[in-house]
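By convention in this document, chain letters (A, B, ...) are assigned in the order of the sequence lines, proteins followed by strands, and residues within each chain are numbered from 1. All heavy atoms count here, side chains included; hydrogens, waters and symmetry mates do not.
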Amino acid sequence: MKRVSTTTVRKRLVAVFLIGLVVFGIIDFRLGYVQFVLGDKLMALADNSWSRDIVFEPERGLILDANGEVLAENVTAPSVVVVPRQIKNPKETAQHLSEILDMTFDKAFEYVTKSAMSVSLHPEGRKINEKQEKALRTLNMPGVYLAKDSKRHYPFGDDLAHVLGFTGIDNQGLMGLELTHNEELKGEKGSLSYYSDAKGKKMEKLADVYTPPKDGLDLKTTIDSRVQTIMERELDLAVAKYNPDGALALAVNPKNGAVLGMASRPTFSPENYQKANQEVYNRNLPIWMTYEPGSTFKIITLAAALEENKVDLEKDHYHDSGSIKVGGANIRCWKSGGHGSQSYLEVVENSCNPGFVNLGQRLGKEKLFSYIHNFGFGKKTGIDLQGEANGILFKPENVGPVELATTSFGQGVSVTPIQQVIAVSAAVNGGNLYEPFIAKEWIDPKTGKVLKEHQPKLKKHVISTETSKEVRKALESVVANGSGKPAYVDGYRVGGKTGTAQKVGKDGKYLANNHIVSFIGFAPADDPQIVVYVAVDNPKGTVQFGGVVAAPIVGTIIGDSLRALGVKERKGGLKKEVQWPDQPKVEVPDLVGLKKDELLNYMEDLTIETSGSGKYILDQEPKAGTMLEAGSKIRLYLTDYKR
Amino acid sequence: MLNKIKKYDFTLIIAPILLSCFGIVMVYSSSMVTAVMEGHSATYYLFRQLQWFALGLVGFIVCSMIPYKYYQKLMKLIMLIIILALIAVLFFGTERNNARSWFILGPISIQPAEFAKLGLIMYLAAIYSKKQAYINKFSSGVLPPLIMTAFVLGLIVLEPDIGTAAIIFLIACSVIFSSGIQFKHLIFLMLVGLVIIAIAIPNMVTDVRIARFTGAYQPFQSPDSDGYHLIQSYLAISGGGLTGEGLGASVQKLGYLFGAHTDFIMAVVAEELGFFGVIVVIGLLATIVLRGIFISRRCRDSFGALLAIGISSMVGIQAFINLGSISGILPITGVTLPFVSYGGSSLLILLASMGVLNNIAMKVKQQDTPAPHERQHLHEGQHKETQRQKELYHFGGGRKWSS
């Protein structure tokens, strides 16, 4: 019988011994690795795992108008937090939550059964409304809590929506002033950090760290809520009347570039911005929209020609034959047949295109374009809002005689409303080009002290005080005697200029019967306090002229606003010429026998009323060929059968 | 008296007692929060551990005095009691943590599986040393004890207490490995083992067990569920750094670590006493294990040698599994750290085992201590020593190693 040798056993024991050594080595090594190599990374994790932060939300700063009226404030809106461990009946709780907060049962069930200390129901349970709050308070379910939270409220509703912008779910600014001035408005979160054990109980030994929240600063704006309300009202009326593709109004204090009011149509509700179309809230038309300004741009040509002494408005005369030949192209006046012989003041009053082409030619390409640049066109004005456009000018090397000619009466350039308002402000305020602004003062919410104040920024002196005076005089006479008569306001010496801009279609050609009609006005002419610009995009059911659509709106805005601002009425201004404005009459077309659908091609300038029903037009009143005021009604009689 | 103590192995007296005392301190430190949360006083676990330690000391002293060869004679009785206890616990035991592993007798709870560990070590040591003569014959020499081992393991798996079963399995492996069975039999057994594992694994795999594995190897993928315990353990260990936060200053024991005074006590040690504390504990454990193996190597009696190797491997394997699981090498199985973790039966058995080991050590010393007149020849070499060993052999228990 073979016996086991001692050496075998000893060898085995040595092997076990060595294995033991190796094993303890491995353990030591691994523990050291966890302790020292993984250490720092893990400590950060541990700190997170131990410390509990009670976050103290700061109060977001208010947005005020120039008189301290609140434009944006905070209202409490609780958020729902559930503590899964305390929920006794998860199914029932989930069922209630899903019904009240409008989410699926599965989602709610997932929230209430999550393995976590507390679960905030994001986003369904964030900032719930009063009805939901009441429902939850009534049910009073164990483990369901309402945490204090606040949301933004805009007391003026949709007014000023584009300017104020809106905030997101965490009260962070997403648009408008809320975004541009988010840093100051938002304040700083405070917190009470304490170390806690796994059950959430406080650990007494480690010191708490309390950082108080810093409330956001209140923002006082240049906006005057009274002016804004007037502008919003007028735009609402215009929308109701003309059903335009869009409309905008802008009011600026010409003396410092402070924006008094700014409104766009279509608009949205900042509290429910999610419901609005993105294109609506992203487009703050007064700073975003660029288009050919049309005749309002003539103010720049006029100011340049006056500053360069190229024209004497009273003494120099111009004969308008109805068109002017430039570089082989024939540029026509808007009035067929032309205005005949007129002084240059009358050229301005009549907004005569050939007359302005002539002024442009007198200035020459370099001069005219240098003035256009000086007046701030072609680049952003620098207003404290997001989404401003540059506009487009001809490149100097591309400017030939035709481009010079069209530019001088506002075609072939693309500008934004804010650029026009700031340029015209400069033209009438003595020649000072300001940077427009809205944020005026930063106020400490507790002490009410003004911490920071925005000083108006003068960018450039573009024309002399004398020239500016002449421009004002000319523009006042446009309102008193010329195309801007509907803007006339008794006692406030309104000056202004109409504009009817053609729109470029997708194919690069001008659209027919689709204009942006505008008017830019200021008052009082002796000492302008306000510049107002209104543009209506493609108004329907009217003749598309700035003088017809936009001028009366501007007149009302200026009149009401100046009264609201407490500006004294003037005496001795130009008297309004008591004569119906020189508007082109519209010839009634022959519509008998046409299909009803075909009418759309004809009826841009006349309003239609129909009698009877059917597809075909049986008769019309008045008869074809009659001359009517633009916007007049004609009556059509319909039938089912074609004759 | 002192002379009597001198006969024992100092290392094996001091290290376990030191470690147990250290364990008592750490159990107190880490269990305070748990005890209070469970509605006891803060010292609840401390006192229970102290009671068990006292009992364990008695066991230690008694076992170190009982000549170990008696166990070989009482083997049948010991095995019978253990098997009966294991069967009884399946029917009359109390369920804790989903395992029916405890007898609750008034204030004390006893875990028969812990006793089975030592019992089985004794059994295997006894059988294999008895069968030394024909250990090379597989069917008569190697196989019968394996069947018995499998039966005991099966009873423990039924509780189910996979952790203890795994430890007993590994202890059995090391005893068998050391028993001197033929290499080809060893290979054969390993193959059989692999086949059994291959068949068993698909049946053993449950979601819980998979989660244990993913928890061990990718804890940060599921930090809230499967990986939670390991991450908390990591946090504790790394929080300690080199020197630790100071005794009693652990944060992770405040409810973050599950079982801070049992399975994860080493994480608390690491957090409070740092890497130094860890090194001391591992050093003491390693001393015990390696000393045990050393004694086993010196013991000329096969029963004593196998008993020593079994006890050493019991301590070593448990330590390895526990430390491996808190440091992310092994999945978390609920194995406690020998001597240090809270656990009455375990501490009692461990201290008693140390008593046994001491008794073996004493015998080794006696056999090694030459008569004074022979001492001067000690340096003369291996040959003379073997001669002398042969001469001195007559009093040893069990069978002699033969060369």
- Query: For atom CZ of B/R291, is the number of surrounding heavy atoms from other residues, nucleotides or ligands below 6.0 Å larger than 12?
  - Reply: yes

- Query: With a 4.5 angstrom heavy-atom cut-off, which part of A/L21 approaches chain B: side chain, backbone, both or neither?
  - Reply: both

- Item | Greater than 12 external heavy atoms within 6.0 Å of A/F105's CZ | yes

- Is atom CG of A/N129 surrounded by more than 12 heavy atoms (other residues, nucleotides or ligands) closer than 6.0 Å? yes

- Query: Could you give the distance from CG (A/L18) to CG (B/L290), rounded to the nearest 0.5 Å?
  - Reply: 9.5 Å

- Interface residue of largest heavy-atom contact number with chain A, from B/L285, B/I282, B/V278, B/I279, under 4.5 Å: B/I282

- Query: Would you say the side chain of A/L31 lies within less than 4.5 Å of the side chain of B/I326, judging by non-hydrogen atoms?
  - Reply: yes

- Message: Which residues pass the side-chain hydrogen bond (donor to acceptor under 3.5 Å, both in side chains) test with A/E188, not counting sequence neighbours?
- Response: none

- Task: Measure the spacing between OG of B/S312 and CZ of A/F17 and express it to the nearest 0.5 Å.
- Result: 10.5 Å

- Query: Which atoms of B/I309 come close to chain A, meaning under 4.5 Å heavy atom to heavy atom: side chain ones, backbone ones, both, or neither?
  - Reply: side chain

- Over all heavy atoms of both residues, which pair between B/F320 and A/V23 is shortest? Give the atoms and the distance, please. CD1-CG1, 3.0 Å

- Message: Using 0.5 Å steps for rounding, measure from the CD1 atom of A/I27 to the CD1 atom of B/I329.
- Response: 4.5 Å

